[in-house]
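Basis for what follows: all heavy atoms, side chains included, without hydrogens, waters or symmetry-related copies. Treat the numbers as computed from the prediction; the structure is a model and nothing was measured. Each chain gets a letter, A, B and so on, in the order the sequences are listed, and its residues count up from 1.
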There are 2 protein chains.
Amino acid sequence: MARAAGVSVATVSKVINDRYGVARQTAERVREVIEELGYESSIVARSLRSHRTGLIGVLVAEFEPFSTELLKGVSAAARDSGYQLLAYSGGGTAESQVGWERRSLSRLSGTLIDGALLVTPTIVDGNYRIPVVAVDPHTGPSDLPTVDSDNLAGTRAAVGHLVDLGHRRIGFLGGRPDLESARLREEGYRRTMADAGLRVDPDLVRAGGFRMETSELPARELLGRVDRPTAIFAANDLMAIQVMRVAQSIGLRVPQDLSVVGFDNIPEAAVALPALTTIAQPLHEIGQTATQLLLAMLRGEEPPTRHVQLATRLVVRESTAPPLP
Amino acid sequence: MARAAGVSVATVSKVINDRYGVARQTAERVREVIEELGYESSIVARSLRSHRTGLIGVLVAEFEPFSTELLKGVSAAARDSGYQLLAYSGGGTAESQVGWERRSLSRLSGTLIDGALLVTPTIVDGNYRIPVVAVDPHTGPSDLPTVDSDNLAGTRAAVGHLVDLGHRRIGFLGGRPDLESARLREEGYRRTMADAGLRVDPDLVRAGGFRMETSELPARELLGRVDRPTAIFAANDLMAIQVMRVAQSIGLRVPQDLSVVGFDNIPEAAVALPALTTIAQPLHEIGQTATQLLLAMLRGEEPPTRHVQLATRLVVRESTAPPLP
DNA sequence: ACCGTTATCGACAACGTTTTCGAGATCGCT
DNA sequence: AGCGATCTCGAAAACGTTGTCGATAACGGT
C-alpha cells in the first residue's frame with residue numbers, strides 16, 4: 001500500500017487521523033505521497049475496526065418534495081461539520097410498514113453509520129444502538145429526541161389571520177386522523193375559534209386525508225351548503241388548492257367569495273391562482289437543527305432539550321381577503 | 001457470535017449465503033437461532049472481505065423535486081431485485097463542482113457499493129472501478145452508459161402542437177446554454193419550425209436560464225414587442241409559468257391571447273392557472289431503466305445498448321389554444 | 001471387511017484499517 | 001559520561017465476515 005512511502009501502515013494511519021506521536025517531516029512526506037497517489041482510505045475497513053465512519057444515515061420513508069427540502073437542511077448542516085450523508089429509503093409501499101426503519105437501522109447501525117435521522121411519518125420507539133433523532137414525525141410523543149415545527153401555533157396564526165380579516169364562519173378541512181399533525185391542526189383550529197368567541201359548526205368540519213383526490217368530495221360538501229363558510233382553513237396546501245379549484249368550478253371567486261388558507265407552503269402554493277396564503281414550515285431549519293442535535297449527541301453531549309419545536313411563519317398571498325359585507 | 005448455536009462461524013456464513021455443503025437440519029437449526037437472536041450480519045465486514053454488499057449507490061447533485069421522482073423509479077427497480085439503495089448527496093454549491101462525484105465515487109467504490117447511478121447534471125467520464133450508469137445527464141455524449149429522455153422528440157411534439165393549432169409566430173425561451181438539454185430543446189424548436197416552413201425570428205428567441213427569476217426579463221422582452229408572438233415554447237416549466245405570469249401582468253389572456261407550452265411536467269404545472277400544457281418526462285421510467293441497466297452490468301452482462309432514450313409525452317392542458325384570427 | 005467416494009463441518013488466512021505497546025533513538029540533565 | 005525522560009516509529013492484534021482446504025464421518029460397492 002502506501003508503505004511504498006517508506007513508512008509502516010501504522011504511521012500512515014496516524015498521519016491520516018493526525019494523531020500525536022509522529023514527526024513533523026515524516027508526516028509531511030506521507031501526506032505528499034498520499035496526495036500523489038490519490039489514495040483514499042477505505043471507509044469500510046475503518047468502520048470495521050474503529051466503529052466510526054463519519055457517515056450519518058438519513059432514513060426517508062419515501063422521497064418526496066417534502067422530505068427533499070428537509071434533506072437540504074440536513075445536507076448543509078452535515079457538510080459544515082465534516083460528516084457525510086447517506087440517505088436510505090425503503091421507498092415502497094410494502095416495506096414502509098411499521099418496523100421497516102427498525103430493520104434498516106439495525107442493519108446499518110452495525111457499523112456503517114455513526115448516527116441516524118429518522119424522516120418517517122410513523123416512528124418506532126426503542127433503544128437503538130446509535131444516536132437517533134426523529135425529524136418532523138407525524139406521530140405522537142416519543143422517547144426519541146425530536147425536531148418538528150409548532151403545528152399548534154402555526155394553525156393559530158392561520159385561523160387567527162382569517163379571524164382578523166373579519167371572518168366568522170370558518171370551515172376546516174382536516175387531514176388523516178391517525179396522524180398527530182392532523183390532530184394538532186384540528187385542535188389549533190378549535191382553540192383559536194374558541195378564543196375568538198366563535199362557535200365551531202360541526203357541519204363545517206370535514207376530513208380530506210391530506211391528499212388532493214380525497215379532498216374534493218368534502219370540499220364540495222363544505223361549499224355546497226346554503227350557509228357555506230366565508231373562509232376555509234385546510235390542514236395542508238394540497239387540500240387548500242383543491243378547495244380553491246372546487247370553489248372556482250362552482251362559480252365562487254377566491255378570495256372575494258371565499259378565503260382559503262393552507263399549511264406547508266409547498267412550491268405549488270406560490271404558483272396556484274390565486275397564490276395561496278399558507279403557513280410555511282421551516283423545513284430547511286428543521287433539517288439543520290435535527291442534524292445539529294444529532295451531532296451534539298455524537299460528540300457525547302446530552303442534548304439540552306430532547307424536543308425542539310420551531311416556529312412557523314404565516315405567508316399572506318392572494319387567497320385571503322375580508323368577507324363581503 | 002452465533003456460534004452459540006453450536007456450530008462454527010464458517011458454517012453460519014455458509015447458511016446465510018446458502019452455500020453448498022451444509023446439512024439440511026444443521027442449516028435449519030442455525031436459521032432458527034438467527035431468527036431468535038435477531039442477528040444481522042455486518043455489511044461492513046462482508047464488504048471488506050468479499051467486495052459485494054448488495055448496495056447500489058445513487059449520487060445526487062442536489063435533492064430536488066426533479067431528482068426525487070427519479071429516485072422513486074430507481075427505488076422501485078432496486079427493491080424488486082433485492083438490492084438496497086444508498087443515496088449520496090454532495091448537496092452543496094461549493095462541493096458540487098466538477099469532480100465532486102468522482103471523489104465521492106472513489107471513496108465509496110472502495111468496497112461499499114457494488115455499482116452506482118449518477119444523477120448529476122454534469123458528469124465526468126473516466127473508467128470507474130465499479131459499474132456506473134449516468135441518469136439523465138444534461139451534458140453531452142459520454143462514455144458512460146446513459147439513460148435519458150428524448151429531448152429532441154419532446155420538443156418537436158411541443159412545438160408541433162402549437163403549429164397544429166395554427167400558430168405561426170412562435171417564440172422560444174431557452175435554458176442554460178451550457179447544458180446539452182437546453183441545446184437540444186433549442187435545436188428541436190428550430191427544426192420543427194423549419195419543417196413547418198416557418199421562419200424563426202431571431203427577436204423571438206431568448207434565454208431564461210431554466211429558472212424563474214432569471215426568465216422574467218426575457219419574458220417581458222418577448223411579450224412587450226408590438227409584433228409579439230402568439231405562442232411561446234419555454235424550455236422548462238418554471239420558465240413557462242413565469243411567461244404566463246408576465247403575460248397576465250400586462251393584460252394578456254392565456255390561452256386566448258397567448259399560448260404557452262413548457263417542458264418537464266413538474267407538479268406546479270398542473271395547479272398553475274391556467275394549467276400548463278407541457279411535455280412530460282418519464283422520470284419514473286428513466287430511474288427504473290437506469291437501474292435495470294446497472295443491474296445487468298452487475299450480473300456481468302454487457303448492456304445491449306449503452307444509450308437508452310425514453311419517449312416523452314405531450315400533456316395538453318389549458319394554456320394552449322388556436323390563435324385569435 | 002476393506003477401500004474409495006461423498007457429505008459435512010471447522011480451522012485458518014485474508015480483507016484494510018486503528019490502536020496498543022514496546023523498542024530504539026535522541027535528547028537533556030547531573 | 002551515564003542515566004532517565006521523551007520522542008518516533010513499527011510489530012502485532014483486533015474488528016466480523018468469506019473462501020479454501022483439510023479432517024472426520026458416513027456411506028456404498030466389491
Any donor-acceptor pair under 3.5 Å linking the side chain of [X] with the backbone of [Y]?
| X | Y | value |
| --- | --- | --- |
| Ser47(A) | Ile43(A) | no |
| Thr11(A) | Val7(A) | no |
| Thr289(B) | Glu285(B) | yes |
| Ser75(B) | Gly73(B) | no |
| Asp114(A) | Thr53(A) | yes |

Legend entry - With sequence neighbours excluded, residues passing salt bridge (Lys or Arg N to Asp or Glu O under 4.0 Å) with Arg183(A): Glu180(A), Glu187(A)
Quickly work out the [X] [atom1] to [N] [atom2] distance and round it to whole Å.
| X | N | atom1 | atom2 | result |
| --- | --- | --- | --- | --- |
| Glu28(B) | dC9(C) | CD | P | 13 Å |
| Ile43(B) | dG16(C) | CD1 | P | 19 Å |
| Arg46(A) | dC15(C) | CZ | C1' | 16 Å |
| Leu112(A) | dG16(C) | CG | P | 17 Å |

Please list, for nucleotides 12-15 of chain D, all pairs of protein and nucleotide N/O atoms separated by less than 3.5 Å.
residue	atom	partner	partner atom	Å
dA14(D)	N3	Arg49(A)	NH1	2.6
dC15(D)	O2	Arg49(A)	N	3.4

Legend entry - Pair Ser149(B), Gln281(B): side-chain N/O donor-acceptor within cut-off below 3.5 Å: yes
When you check the phosphate oxygens OP1 and OP2 of [N], does a side-chain N or O of [X] lie under 4.0 Å from one of them?
| X | N | result |
| --- | --- | --- |
| Tyr39(B) | dT17(D) | yes |
| Thr26(A) | dC9(D) | yes |
| Ser42(B) | dG16(D) | no |

Legend entry - For the student: nearest non-hydrogen atoms of Phe210(A) and Arg176(A), plus distance: CD1-N, 3.6 Å
Legend entry - Residues within residues 13-24 of chain A bordering DNA chain D, heavy-atom distance below 4.0 Å: Lys14(A), Tyr20(A), Gly21(A), Val22(A), Ala23(A)
Taking only distance into account, with no hydrogens and no angle test, what donor-acceptor pairs under 3.5 Å do side-chain atoms of residues 291-311 of chain A form with protein atoms, sequence neighbours excluded?
residue	atom	partner	partner atom	Å
Thr291(A)	OG1	Gly287(A)	O	2.7
Arg299(A)	NE	Glu301(A)	OE2	3.0
Arg306(A)	NH2	Asp143(A)	O	2.6

Inset, instruction - Tell me, yes or no, whether the heavy-atom count around Arg29(A) atom CZ, taken from other residues, nucleotides or ligands under 6.0 Å, exceeds 12. - result: yes
Legend entry - Qualifying residues under side chain to side chain donor-acceptor pair (under 3.5 Å), relative to Asp148(B), sequence neighbours excluded: none
Inset, instruction - State, to the nearest 10°, the angle formed by the axis through the first five base pairs of the helix from dA1(C)-dT30(D) to dT30(C)-dA1(D) and the axis through its last five. - result: 50°
